[in-house]
Amino acid sequence: MFHTLKTVADLEAVYGAPNPRSLLKEIDHLNADYRAFVEASPFIVLSSVGAQGTDASPKGDAPGFVRILNERLLAIPDRPGNNRIDNLRNIVEDGRVSVLFIVPGVGETLRVNGTATISADPELLASFAVQGKLPRSVILVQVQTVYFHCSKALVRSKLWERGAQETKPAVPTAGKILQHISGGAFDGDAYDRELPERLKNTLY
């Protein structure tokens with residue numbers, strides 16, 4: 001019914017061979033150009049896989065919050081969140097991760113694939129302190145492949161153009177989502193009202 005593509009041969013029949021440039025850009029370490037993306041990025045998406053399935057988690061902080069320890073090793077501080085720790089559970093079970101680095105205003109993104117471990121080393125945690133507060137842990141990513149992704153997705157989405165618009169998109173607030181899912185038992189208005197102050201006090 002949906003003409004499902006089930007094999008690599010099926011995919012290649014539709015897509016053909018990759019553009020040689022798309023293979024040329026992939027390397028196994030962070031060179032100077034790719035380091036620049038990491039150092040300029042205030043926002044990443046960290047993806048992982050484990051026994052319970054896959055997960056993709058947004059993480060953000062000041063540009064360069066992901067530290068380059070060497071050309072094949074990245075350190076990502078894990079700041080306070082909701083304590084679901086889905087990615088962390090996956091990492092201790094499997095270890096395979098992908099990281100997408102996004103730089104505001106830049107069309108290209110950076111993709112890093114590798115394996116991760118989780119560190120609670122006191123000195124490492126202390127080195128990531130912000131406002132005197134330490135991350136709960138630091139995710140160490142051993143780089144296996146790195147390459148930039150072309151700007152077509154961001155150009156098609158007009159992401160940075162939309163970001164400049166003053167009109168806020170018509171999506172439900174976090175409080176309303178929780179209220180709807182709970183069948184009205186959750187006070188969504190109170191949650192939304194208190195959210196700005198709560199964020200200010202719990203960012204780090």
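Side-chain contact, T145 with N113: a donor N or O sits under 3.5 Å from an acceptor N or O.
The shortest side-chain heavy-atom distance between D86 and S57 does not fall under the 4.5 Å cut-off. I76 has its side chain within reach of V141: a pair of non-hydrogen atoms, C-beta onward, lies under 4.5 Å apart. You'll find the side chain of I177 stays beyond 4.5 Å of the side chain of H180, heavy atoms only.
Under the 4.5 Å side-chain heavy-atom criterion for ILVMFWY residues, a single connected hydrophobic cluster contains both F65 and L88. By the rule that hydrophobic residues join a cluster once side-chain heavy atoms approach within less than 4.5 Å of another member, V106 and L100 end up as members of separate clusters. In the hydrophobic clustering of ILVMFWY residues, with side-chain heavy atoms under 4.5 Å counting as a link, Y147 and L23 come out apart. In the hydrophobic clustering of ILVMFWY residues, with side-chain heavy atoms under 4.5 Å counting as a link, V138 and L69 come out together. The cluster map of Ile, Leu, Val, Met, Phe, Trp and Tyr, joined by side-chain heavy atoms under 4.5 Å apart, puts L134 and V66 in different clusters.
When all heavy atoms of N90 and G53 are compared, the pair lying nearest together is ND2-O, 3.6 Å. When every heavy atom of I139 is checked against every heavy atom of K59, the shortest pair comes out as CD1-CE, 4.2 Å. Closest approach of P104 and P42 over heavy atoms only: CD-CD, 3.5 Å. The two atoms that bring P80 and T202 nearest to each other are CB-O, 3.9 Å, heavy atoms only.
The CD1 atom of I44 sits 11.5 Å away from atom OG of S98, with the distance rounded to the nearest 0.5 Å. The CZ atom of F128 sits 9.5 Å away from atom OG of S119, with the distance rounded to the nearest 0.5 Å. In this structure, CG on D78 lies 8.0 Å from CD1 on I118, to the nearest 0.5 angstrom. The distance from the CG atom of L30 to the CG atom of L110 is 7.0 Å, given to the nearest 0.5 Å. Of the inter-residue distances, the one linking N87 atom CG with L46 atom CG reads 4.0 Å to the nearest 0.5 angstrom. Atoms CD1 and OG1, on I91 and T117 in that order, are 8.5 Å from each other to the nearest 0.5 Å.
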Criterion salt bridge (charged side-chain N to carboxylate O under 4.0 Å, His left out) on D189 and K176, from CA distance to verdict: CA-CA 7 Å; D189 291 334; K176 289 299 184 187; 3.1 Å; yes
Criterion side chain to side chain contact (heavy atoms under 4.5 Å, CB included) on V99 and L74, from CA distance to verdict: CA-CA 10 Å; V99 188; L74 295 171; 5.5 Å; no
Test log, rule side chain to side chain contact (heavy atoms under 4.5 Å, CB included), inputs V146 and D28: CA-CA 6 Å; V146 190; D28 64 358; over 6 Å; no
Full working for side chain to side chain donor-acceptor pair (under 3.5 Å) between D192 and T173: CA-CA 7 Å; D192 290 334; T173 65; 2.4 Å; yes
Test side chain to side chain contact (heavy atoms under 4.5 Å, CB included) applied to F37 and V103, step by step: CA-CA 7 Å; F37 272 86; V103 180; 4.3 Å; yes
Verdict with supporting geometry, Y191 and R198, side chain to side chain contact (heavy atoms under 4.5 Å, CB included): CA-CA 9 Å; Y191 181 92; R198 186 165 57 251; 3.1 Å; yes
Derivation of the side chain to side chain donor-acceptor pair (under 3.5 Å) call for S48 and R89: CA-CA 9 Å; S48 62; R89 294 177 194 275; over 6 Å; no
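Under a cutoff of 6.0 Å and an axis angle of 45°, K25 and F148 form a cation-pi pair. No cation-pi contact links R79 to Y204, judged by a cut-off of 6.0 Å to the six-membered ring centre and 45° from its axis. In this structure, R111 is not positioned above the aromatic face of Y34 in the sense of NZ or CZ being under 6.0 Å from the six-membered ring centre and within 45° of the axis.
Side chain of E93 to main chain of A51: a donor-acceptor pair is present (N/O by atom type, distance under 3.5 Å, no hydrogens or angles). Judged by distance alone, the side chain of D10 and the main-chain N or O of K6 form a donor-acceptor pair under 3.5 Å. No donor-acceptor distance shorter than 3.5 angstrom exists from the side chain of S41 to the backbone of V38, with no hydrogens or angles considered. A distance-only check finds a donor-acceptor pair linking the side chain of S182 to the backbone of F186 [under 3.5 Å].
R72 CZ: more than 12 foreign heavy atoms inside a 6.0 Å radius. Within a 6.0 Å radius of CZ in R67, more than 12 heavy atoms belonging to other residues, nucleotides or ligands are found.
In this structure, the side-chain contact (heavy atoms from CB on, under 4.5 Å) partners of F43, at least two apart in sequence or on a different chain, are V45, P58, I102.
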